[in-house]
Structures are given as structure tokens and as C-alpha cells.
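The figures that follow rest on heavy atoms only: side chains count, while hydrogens, waters and symmetry mates do not.
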Amino acid sequence: MGEPMIIAEDVHKWFGDFHALRGINMTVEHGEVVVICGPSGSGKSTFIRTINRLEEHQRGRIVVDGIELSHDLKNIEAIRREIGMVFQQFNLFPHLSVLQNVTLAPIWVRKWKKSKAEKIARALLERVGIPEQADKFPGQLSGGQQQRVAIARALAMQPKIMLFDEPTSALDPEMIKEVLDVIVELAESGMTMVVVTHEMGFARQAADRMIFFDEGQIVEIGTPEHFFTDPQHDRTKLFLSQILQK
Amino acid sequence: MSRSATTIEIDRPPVIRSGPLRWLKENLFSTWYNTLLTVGSLAIALLLAVLFGHWALTEAHWAVIPANLKLLFVGTYPLDQLWRIWATLYMVALFLGFSGGLHRGLILQIALMVAAATVLLALLPFAWATRLWILATALSTLVGFGLGRLTRQSRTSRWLEISLWLLSFPLTLVLLKGGLFLPVVGEAHNVGGWNKWGFMLNLLGAVVGITLSLPIGILLALGRRSSLPAVRLVSTLYIELIRGVPLITLLFMASNMLPLLVPTTFRPDIVIRAMMTITAFSAAYMAENVRGGLQAIPQGQFEAAYAVGLGRMLTTLLIVLPQALRAVIPAIVGQLISLFKDTTLFGFIAILELLGMVDSVLGNLQWRGTIFELYIFIGFIFWIFCYSLSYISRRIEKNLGVGER
Ligand SMILES: Nc1ncnc2c1ncn2[C@@H]1O[C@H](COP(=O)(O)OP(=O)(O)O)[C@@H](O)[C@H]1O
Ligand SMILES: [Mg+2]
């Protein structure tokens with residue numbers, strides 16, 4: 001397998017005086033799907049956002065695909081090209097059509113020809129199940145459709161890694177499945193993924209490893225079987241009992 | 001019997017009867033004081049209308065308008081060179097038609113509006129020769145439209161369009177003022193500088209001010225939010241200084257103080273100085289309008305843009321500015337309208353624009369006491385232009401409404 005895709009060593013992050021990440025150590029291998037869960041405010045978003053440097057870590061080391069994250073802007077932009085990210089609130093560009101949302105970065109960052117970018121974009125829209133929406137605007141789509149466009153937009157850059165930050169939390173219940181199906185398919189295709197989610201059914205189905213976060217630290221790491229049947233830590237047990245009750 | 005079992009009764013929304021009588025009753029005569037107000041204001045309006053109508057029809061000397069039309073619109077521009085102004089108009093009409101043919105939509109509507117306006121204008125009692133000159137504008141629009149339609153498939157026509165519009169500025173200058181192959185108007189014809197060109201100066205000032213102050217304003221707005229402290233400081237200082245001073249003061253400074261500071265050889269003439277001043281003034285307000293739009297962009301838009309690999313520059317150009325400008329179109333157009341009207345302040349620094357021409361007309365003994373007629377006419381001209389601008393802005397808003405959140 002060689003070098004891991006993502007290496008985090010002793011990663012710390014403060015917001016003012018607030019110590020949000022307190023020494024995160026973990027790695028993600030090529031093709032591995034890691035699911036992160038934990039209570040609200042435990043630092044899951046903050047951590048996943050340090051991986052593509054939407055947040056800057058203040059101590060420790062993060063290495064992505066062999067490149068260490070530093071202040072060097074060129075470095076950061078190079079890494080962001082290789083990492084796709086999907087947000088809880090979709091964050092589609094409302095002034096651009098669905099097709100333009102997906103082709104924007106390939107055209108301007110990868111410098112592809114428009115025809116090539118559009119061909120690949122249409123294939124991706126097909127893959128996420130909404131080929132007929134290409135010419136609509138984000139505001140005309142349902143939440144589930146918007147999130148699938150967001151996934152297609154991230155995939156259009158042909159990233160090596162995909163990050164998901166609670167991709168289904170802002171969705172109405174009847175739309176969660178259509179988005180999860182797309183993410184599962186992606187996981188099965190061998191994409192390296194880090195997914196923050198509370199969808200335990202999805203975790204059981206797709207995760208290679210589970211990570212439990214609490215108060216800015218990793219409390220427990222393990223395979224899904226271990227995690228669901230034999231959690232070691234009291235806080236993990238409590239969290240699981242709460243979340244599985246729902 | 002059986003019908004009622006098989007057909008489903010559809011509940012229709014109740015139809016609200018809204019005859020004119022009912023509307024009157026509900027809106028104007030609902031209570032006794034409402035009735036009083038209605039009758040009272042009607043009486044006042046009627047009285048004013050009668051007084052004005054009487055004056056307008058019996059006492060007013062409307063002849064002053066057609067007799068001085070040339071003076072009001074183009075001032076001292078030499079008669080034998082008037083074709084150059086027409087040529088400029090035709091050029092703009094041609095380009096407008098061309099763009100309309102390429103894109104259809106709003107630009108075409110604007111082109112059609114202009115064409116329709118010229119046809120209406122030609123219906124007024126002008127001399128036949130003048131009518132032909134006027135109608136040729138509509139013809140240019142048509143020709144441009146045809147060219148645009150024919151070439152709309154080719155890629156080069158888009159580039160041609162952009163280059164034509166960019167070229168239109170120097171071309172206008174050469175056509176109107178002279179240079180290159182054309183004689184310089186003021187010198188060759190001994191009619192003084194271009195500071196006596198009437199309404200043409202209002203138009204030129206507005207167009208120059210509008211096209212320059214928007215990009216400068218955008219840069220200032222971005223500068224005010226820059227992460228570089230020096231850039232931020234300079235932008236903020238500029239915006240706040242300019243906004244703290246009335247335009248007329250700036251114009252006086254440009255006309256009286258600048259000559260003291262700058263040697264004659266480097267000193268731009270008064271019209272250029274006035275245009276620079278109004279641009280500088282308008283840019284500061286534009287910057288604040290744009291900043292309002294920038295502040296309305298959610299953080300998530302930046303993050304999504306960075307996450308797909310766009311740098312700061314591209315994020316600003318492709319994601320932030322388009323959304324920010326859309327959000328503040330009404331404010332920007334409002335700003336453009338006031339810039340247009342502010343060009344009448346040029347009159348205070350020895351520039352005879354439309355308003356300034358009034359004095360020249362009144363100086364003629366034949367037209368003494370026609371000040372009301374002149375001002376009403378000028379007000380009407382400005383109203384037409386400003387109303388068209390705000391109409392276009394409403395159309396833009398509506399067009400862009402598609403797909404907004
Ligand atoms: N930009 C910020 N400024 C200040 N505090 C923040 C910021 N972002 C997150 N936090 C704080 O950091 C903690 C972790 O946040 P987050 O990573 O969003 O948690 P999670 O995603 O696990 O719910 C929370 O207490 C939150 O209030
Ligand atoms: Mg979160």
C-alpha cells in the first residue's frame with residue numbers, strides 16, 4: 001500500500017483561547033473509508049477542515065498524498081485540487097447552472113477545454129442520478145438533488161480524496177437515502193474517503209474504520225464490528241446508545 | 001344524480017369582484033376623512049392642472065425650444081460638422097443592434113427601445129432632412145441587429161463585439177473632438193473649446209463617469225476588505241474623504257485649485273477635469289454599494305470555491321463579484337442616475353452643459369422670460385433618460401431573478 005494518503009500527527013487547533021483540537025493522531029490509507037462520529041461541538045468539522053486547510057492547524061503535522069500542509073499557498077492550492085469536499089449546507093454557487101457548477105473548477109483550475117469538462121460533468125450527473133437537471137439553477141432543485149450536484153462538483157476535479165462533513169444532516173428524511181446511495185457507491189468504487197456522519201446504518205455498510213471524537217480528541221478507533229458490538233470506552237457506549245435509540 | 005357521484009366537485013377560490021366603483025369606494029371613500037382628503041387633493045390637483053394648462057397653452061412661448069434645440073443639445077458645435085455627432089450616434093446604435101442580435105434578451109430590448117424612441121422622435125415636427133438624420137439611427141440598429149443575427153454562431157463575433165465596444169470610446173472621442181484624420185473641432189472652427197457643447201456634455205460626462213467609476217468602485221470595495229493593511233487603509237481613507245465632501249466643492253477644487261498646483265503643460269482642460277472629478281466622486285459611492293453586496297456573500301461560498309481549488313483571485317472574479325453585483329444592481333443604477341443628474345453641476349465651473357445653456361438662450365433678447373419653458377423642457381429630457389435607466393435596471397433584476405435562491 002505504501003505511504004498512507006492522509007497522516008495527522010499531534011494536530012492542535014485553538015479558536016482564541018478555546019482548545020478545539022487536542023492532539024489528533026490518525027492515518028487514512030489508500031482507498032480506505034473512515035467514518036468520524038461524535039457529539040456536536042467535539043471538533044469533527046474542525047478536524048476534517050484542517051485536512052484541506054479551510055482551517056489552519058497550529059501545532060503538529062498533516063501530510064496529504066505526500067505533501068505536508070504549510071503556509072505555502074502553492075502547496076495548499078495543489079492539495080485542494082486533489083481533495084474534494086462536500087458540505088452540510090451544499091454551498092452550491094447559486095448564480096451558476098448545475099452544469100456550470102460542476103465544470104467551473106475543471107475549466108479554470110485544471111484548464112480543461114469546455115467541451116471536455118462538460119462531457120465529464122454530464123457523465124458525473126448521470127452517475128449521481130440527475131442528468132436531466134444539468135441546465136437548472138441550484139435554487140430550483142430539492143435538497144437531495146443539490147447535495148448530489150455538490151458531490152458531482154467535487155468529483156469533477158477527479159480528486160484522490162473525498163471529505164464529507166455531515167452530508168445528510170440538512171436534508172429532509174425522505175432525501176437522505178438518495179444521497180447516501182451515491183456516497184456508498186463512491187465508497188465501493190475505491191475512493192479514499194473521510195465522512196463525518198451520524199448515519200450509523202451507512203457506517204456499518206461502508207466504513208472500513210470508525211473514529212469516535214469527543215472534546216477535541218479521538219476517544220476510540222476501530223472497525224465497525226468492534227465499534228458497534230464491543231466499544232471500549234464509556235463515552236462511546238453512551239453516544240451509541242443515544243444515537244441508536246433515535 | 002349519477003353525475004354528482006362520478007364528477008368531483010372542485011373548489012375554486014372565491015372570485016373577488018373588483019370593479020372600478022368598488023375600488024374607488026374601498027380606497028378613496030372608505031371613511032368620512034378619507035373622502036375629505038380625496039376631494040381636497042382632487043381639487044388642488046385640478047386647480048394646478050388648470051393653472052398650468054392655461055399657462056402652457058396660452059402664455060408659454062414654446063417656440064423657444066425648437067428655435068434653440070441645436071444650442072441646447074450640442075451647444076456651439078459647428079453646424080457643418082454636425083454629421084460627426086450623427087456618425088457617433090449611428091456607431092453606438094450599430095453596436096447596440098449587433099449585441100442585441102448576438103445575445104437577444106435584455107440587450108436586444110434596449111436596442112429596440114432606442115430604435116423605437118428615434119422613430120417616435122422623427123414624428124415630431126422636424127424638418128424633413130432632420131427626420132432622415134434621426135431615422136438613420138433606427139436603421140443602424142437594424143443593420144447591426146442583422147449582422148449580429150447572421151454571425152451569432154461564430155466565435156470571432158464575440159471577440160469582435162468586445163473589441164468594438166472597447167474601440168467605441170476612442171472612436172467617439174476622435175469623431176466628436178477630432179484627431180487622427182479629422183480636424184479638431186474647437187480650433188478649426190474658431191468656436192472655442194468643447195466646454196460649450198450643451199447636453200452632449202451631460203451625456204459624455206455620464207457615460208465616462210459610469211464606465212470608469214464602476215470598475216474603480218469595485219477595486220476600492222475589494223481594497224477595503226483586503227487582507228493587506230496598507231491597501232485597506234488607502235481605500236478606506238479615499239472612500240471616507242470623498243464621501244465627506246460635496247461634489248460641488250470637489251468641482252470647484254478641480255477648476256480653481258488645480259491650476260495653482262499643476263503647471264499649464266500638464267493641466268488637463270476643464271472638461272476632462274470635471275469628468276475626472278465626477279468619476280472620482282461616484283467611485284467612492286459605488287465602492288460602498290459594492291461593499292454592501294460583498295458583505296452579503298455567505299462564508300460557505302468562499303469555502304466551496306477554495307475547496308474545489310480556486311485561488312483567491314478566481315474566487316473573487318467567478319464566485320463573489322457576480323453574486324455581489326447582482327445583489328446591488330438597484331443601488332448601482334440609483335448611483336448611475338444621480339451621477340447623470342450631477343453632471344448639471346458642471347455649469348458652476350464654466351462648462352455650458354444643458355442647464356448652463358439656459359443662460360445663453362436667455363441672453364438672446366428674443367427669448368427673454370422663457371425660463372420656465374426651458375426648465376420644464378430640461379426636466380423632461382432628464383426624466384426620460386433617468387426613467388429609462390431605472391426601467392432597464394428593473395428588467396435586469398427580473399432577468400437575473402432566474403435561479404436565485
Ligand atoms: N470559527 C470558529 N470560531 C470559534 N469557535 C469555533 C469556530 N469553529 C468552531 N468553533 C468551536 O469549536 C468547537 C468544535 O466545533 P466543530 O468542529 O464545528 O464541532 P462538530 O463539527 O464536531 O460539531 C465548537 O465548540 C465550536 O463552537
Ligand atoms: Mg460539524
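Of the atoms belonging to B/Leu314, it is side-chain heavy atoms, and not backbone ones, that fall under 4.5 Å from chain A. Contact annotation for A/Phe87: only side-chain heavy atoms (C-beta onward) come within less than 4.5 Å of a heavy atom of chain B. In this structure, the portion of A/Leu104 lying under 4.5 Å from any heavy atom of chain B is its side chain and not its backbone. Heavy-atom distances place the backbone of A/Ile83, and not its side chain, under 4.5 Å from chain B.
The shortest side-chain heavy-atom distance between A/Pro94 and B/Gln301 falls under the 4.5 Å cut-off.
With A/His95 contributing its side chain and B/Leu318 its backbone, the two residues share a donor-acceptor pair below 3.5 Å. Judged by distance alone, the side chain of A/Glu77 and the main-chain N or O of B/Tyr306 form no donor-acceptor pair under 3.5 Å.
Heavy atoms from other residues, nucleotides or ligands lying under 6.0 Å from CH2 of A/Trp112 number more than 12. By the 6.0 Å contact criterion, CZ on A/Arg110 is enclosed, its count of non-hydrogen atoms from other residues, nucleotides or ligands being greater than 12.
From A/Trp108, atom CH2 reaches atom CD1 of B/Ile319 across 10.5 Å, with rounding to the nearest 0.5 Å.
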request  = List the steps, then state whether side-chain contact (heavy atoms from CB on, under 4.5 Å) holds for A/Met85 with B/Glu303.
outcome  = CA-CA 10 Å; A/Met85 184 160 196; B/Glu303 293 180 353; over 6 Å; no
request  = Check the pair B/Leu310, A/Arg80 against side-chain contact (heavy atoms from CB on, under 4.5 Å), reporting the backbone distance first and the verdict last.
outcome  = CA-CA 9 Å; B/Leu310 295 174; A/Arg80 283 178 179 159; over 6 Å; no
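In this view, B/Leu164 and B/Phe95, B/Phe98, B/Leu160 satisfy the side-chain contact (heavy atoms from CB on, under 4.5 Å) rule, not counting sequence neighbours.
Pairing each heavy atom of A/Asn91 with each of B/Ala304, the nearest pair is O-CB, 3.4 Å. Residues B/Gly309 and A/Val109 approach most closely at O-CG2, 3.6 Å, considering heavy atoms.
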